[in-house]
Structure formats: structure tokens, C-alpha cells
Amino acid sequence: MSYALEINNLKKVYSGGTEALKGISLKVNEGDFYALLGPNGAGKSSTIGIIGTLVTKTAGNVKIFGIDIDEDVAIAKSMLGVVSQEINFSQFEKVIDIVTTQAGFYGIKKSLAKPKVENMLKRLSLWDKRNDQARTLSGGYKRRLMIAKALIHEPKLLILDEPTAGVDIELRREMWTFLKEINTNGTTIILTTHYLEEAEQLCRNIGIIDQGQIVIDTSMRDLLSKLDVQGFVLDLEEPLDKAPAIDNYSLRLDDPLTLVTAINKDSSINKLFDELNKLNIKVKSMRNESNRLEELFIEMIKK
Ligand code: ADP
């Protein structure tokens, strides 16, 4: 069986000299829902740009369902839909025309395109807006329009670059439901995100990329089971301008009144309170940080 995506030793050096990818290799199984996670500047968009042939690679190869993009780009691309971060449609066209034109690019006949476009716009709650100019849509609906455009030729592999960045919580959850549904129906999905909750909710497997290298490539379940830290959010009585440094504890200031910590199973929260007390930092209340993946991520990035 071939993989939905197979990347070997992919390198990218931008013209200014930035080494964005230092030879990454990845395999994504057919039917998978895979998260590519990493901090800003890690190389996620560069990777996606190369897969979608918008960015030229410096070295390495990319296969989509066994087809090397260097050997048969048209066939490879017919199996791929990419939703990038940048708007990729004319803002002055109508929603329905944008998706219909895209169907035309893939040789879908007008008679066939019509019901397909209607179905896609309905599934993405865009049907009522079909005659609106794209520029009048909110950010979340523009993102949906890009998804409709990417899916109209029914690609077997869908790649989304931060699909829910800047999208409000309700639309985000709707989008999750939609993506889960098309994955269940057979579409392999890869998404990049730095919303860790998103990866935890949706994805079966996960790759973490940092500074142009894959640092973790595993199943979500394994990753979470390795977790031996628990996160706490401390609400402070008085504002701080930076997180205090306390030996053996990682502390992050989310805002002047909110201190976040990830505590190892073998460290004590009481000891932390003692140390904070010594520094005259008073905690008003405390709650559990619910996102375990995020704690892991904080731990990992510190290493
Ligand atoms: P991510 O998507 O994970 O935030 P990117 O792939 O966008 O990471 O960026 C990886 C690195 O490559 C960063 O250092 C970024 O500044 C650099 N980079 C990205 N695009 C370009 C470009 N067009 N020209 C030069 N450098 C770039």
C-alpha cells in the first residue's frame, strides 16, 4: 500500500539563506487524520507550500499516493486539495462562481459541476451566501470558501494550513465536525495548527516540527500517555511584569495576573506555593489547566 503522503529528506533554503527545512521525512497513512504541529517559524507552511507546489524545494522528494510530484505533477495534484493561510480567490467574485470556476479547472463539466457546487456550499453553510461577493464574507466564512474550493474536485488528501486561525469558537467547532465527517468518509487529512486542543480533538497521529526538523512523530494516544506533567493556572492578587524564576518549576505569565505552570508528578504544588510566598506573590485562586497537550508542548519547547 502506498502512503497518502510520503516525504523524504525534504530541505528548503530560502534565497535569503534561511534554512527552513533541514531534511524532514514523514509518512502519512491513507485515511489518517494527521496533525503537523510546531511553533511559529518551525517550517509548517514551507512544508505545505512544497507539497502543493507553490514553494520550490531545495532537495528531497514528495509523493502523493505514490506519485512523485516531480514526475507527474498533474496526477499528484488531482489527488490533493490544499487550504493555505492566504486568501486564494478573487475577492470581487461571487461565492458560487469561485467554486464553479475551480471545478472547471479540474475538467468537471458544467452540468456535473452545478449539483456538486450546490452540495458543497450547502455542507459548508455557504449556500445562503452563494451570491455574495467573497470580500463581504467574515474571516470564518472566507476560510470555508477556501475549503469548498479545495474539495470540489474530491481530492483523496486534504491539507489545511491552520484552518481555524482567527475563527470564532462556534465556527471552529462546526468546522471540526465537518472535517471529522469527511475523514470518516475516506479523505485523508493533514492539518497544521498551533491550537493544541484542535490536534488533540481531531487527530490520530501527530508530527511535531521545530526549527525545520521533525522532533516527534507518533500517535496522539502514545504522546498523551507519556505525559507526566499536570498544568495549573494561578490567578494572582497583584500583577507581575514577568514570570518569577523558581528552581524546578516552569512558570509562564499569560497576562500580568495569570501565572501558568506545568508540574511534574513528583514535584509538589505546596512547595511552589511556599516559594511564591517567599517572593511575596499571592495567589487568589487556582484551577487545573485542561489542555494536556499544551503542557507537553511547553515542556518540549523548553528542552
Ligand atoms: P511556520 O509555518 O511553521 O510558521 P514557515 O514555514 O512559515 O514556518 O517558516 C519557516 C522559516 O522560513 C522561518 O524562519 C521563516 O521566516 C522562513 N521563511 C518562510 N517563508 C519565507 C520566504 N518566502 N522567504 C524567506 N524566508 C521565509
Side-chain angles (χ1 to χ4, degrees), residues 4-28 32-64 69-70 73 76-77 80-88 139-140 142-143 146-147 149-150 157-167 172 175-176 179 188-203 205-218 220 223 252 291 293-303:
L5 177 72
E6 189 177 354
I7 290 177
N8 274 308
N9 203 19
L10 194 64
K11 294 185 182 168
K12 175 66 189 176
V13 182
Y14 283 101
S15 50
T18 306
E19 206 182 352
L21 298 174
K22 296 173 182 161
I24 65 164
S25 298
L26 265 188
K27 290 186 174 85
V28 177
D32 203 353
F33 205 138
Y34 188 94
L36 188 62
L37 218 75
N40 271 331
K44 303 181 295 294
S45 297
S46 300
T47 307
I48 288 188
I50 292 169
I51 299 166
T53 70
L54 292 170
V55 174
T56 51
K57 57 189 164 60
T58 308
N61 58 57
V62 176
K63 287 181 184 170
I64 297 167
I69 57 168
D70 289 336
V73 73
K77 283 184 84 171
L80 174 70
V82 177
V83 181
S84 60
Q85 287 191 53
E86 286 90 41
I87 302 284
N88 63 351
K142 281 184 181 148
R143 199 70 57 124
M146 301 218 286
I147 295 177
K149 208 184 142 198
L157 172 62
L158 178 67
I159 301 184
L160 306 115
D161 198 358
E162 305 223 3
T164 59
V167 172
R172 183 179 305 167
M175 210 180 281
W176 288 355
L179 293 176
T188 307
I189 302 182
I190 300 173
L191 58 82
T192 74
T193 183
H194 49 231
Y195 290 114
L196 302 141
E197 190 199 351
E198 184 157 274
E200 195 171 353
Q201 290 276 333
L202 293 174
C203 300
N205 290 299
I206 181 167
I208 299 183
I209 182 168
D210 191 25
Q211 296 179 27
Q213 281 174 312
I214 299 285
V215 290
I216 289 178
D217 186 9
T218 184
M220 192 65 78
L223 186 70
R252 179 187 86 210
N291 194 322
L293 195 54
E294 181 153 20
E295 292 144 30
L296 178 74
F297 202 52
I298 296 166
E299 283 296 298
M300 199 202 74
I301 298 296
K302 279 194 323 188
K303 280 176 193 150

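Note that ligands are numbered from 1 as they come in the structure, with each ligand's atoms numbered from 1 the same way. This structure is a prediction, so every number in the text was calculated from the model and none was measured.
In this structure K149 satisfies the salt bridge (charged side-chain N to carboxylate O under 4.0 Å, His left out) test with no other residue, sequence neighbours excluded.
A salt bridge between K57 and D70 is present, with a side-chain N of the basic residue lying under 4.0 Å from a carboxylate O of the acidic one.
Taking all atoms of both residues into account, the shortest heavy-atom contact from D161 to S45 is OD2-OG, 2.9 Å. E6 and K27 get closest at one heavy-atom pair: OE2-CE, 3.7 Å.
Ligand 1 lies under 4.0 Å from heavy atoms of Y14, T18, A20, P39, N40, G41, A42, G43, K44, S45, S46.
Side-chain contact, E198 with T193: a donor N or O sits under 3.5 Å from an acceptor N or O. S25 and N9 share no donor-acceptor pair across their side chains, judged by distance under 3.5 Å alone.
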